[in-house]
Amino acid sequence: MAMEERDREQARGYAAHDGPGGRTGDGPGPGTGHEPEPLSDLERGTVQRAQLRTRVADIAWTALIVVLGMWALWSAVGIARETENALVYCVVGGVLFTVALWARLSTLKARARTHL
């Protein structure tokens, strides 16, 4: 929890010594040359970097689930066409699809609990 607060403050451009609520008024004022430099996008500790990591993971999970779903569906079409070993491929694709979908949904539920 404290790490998230620090990340949010760093994203706003405050230094760690400014206090939990930002500027406390007891530090150097404007024009003294001691103003903290705002962090640019995607530097460590920024909200944008954490969001990027989450977004890339979302895209990867979605792509995996789509590919596994297509594999299972195409194998089911192979069963209808009586293609050799289609049943085995369909079962394996279905199991992998189910496991990936379950893992994805449990990740989303866990993320929803931690971001309240």
Excluding Val66, membership of its hydrophobic cluster (Ile, Leu, Val, Met, Phe, Trp, Tyr; side-chain heavy atoms within less than 4.5 Å) reads Met70
Check residues 83-107 and write down every donor-acceptor pair under 3.5 Å in which the side-chain atom is one partner and the other belongs to a residue at least two apart or another chain.
residue, atom, partner, partner atom, Å
Thr83, OG1, Gly78, O, 3.2
Thr98, OG1, Gly94, O, 2.7
Arg104, NH1, Asp58, OD1, 3.1
Arg104, NH2, Asp58, OD1, 2.9
Ser106, OG, Trp102, O, 3.2
Ser106, OG, Ala103, O, 2.9
Thr107, OG1, Ala103, O, 2.7

Could you give the distance from NZ (Lys109) to CZ (Arg113), rounded to the nearest 0.5 Å?
8.0 Å
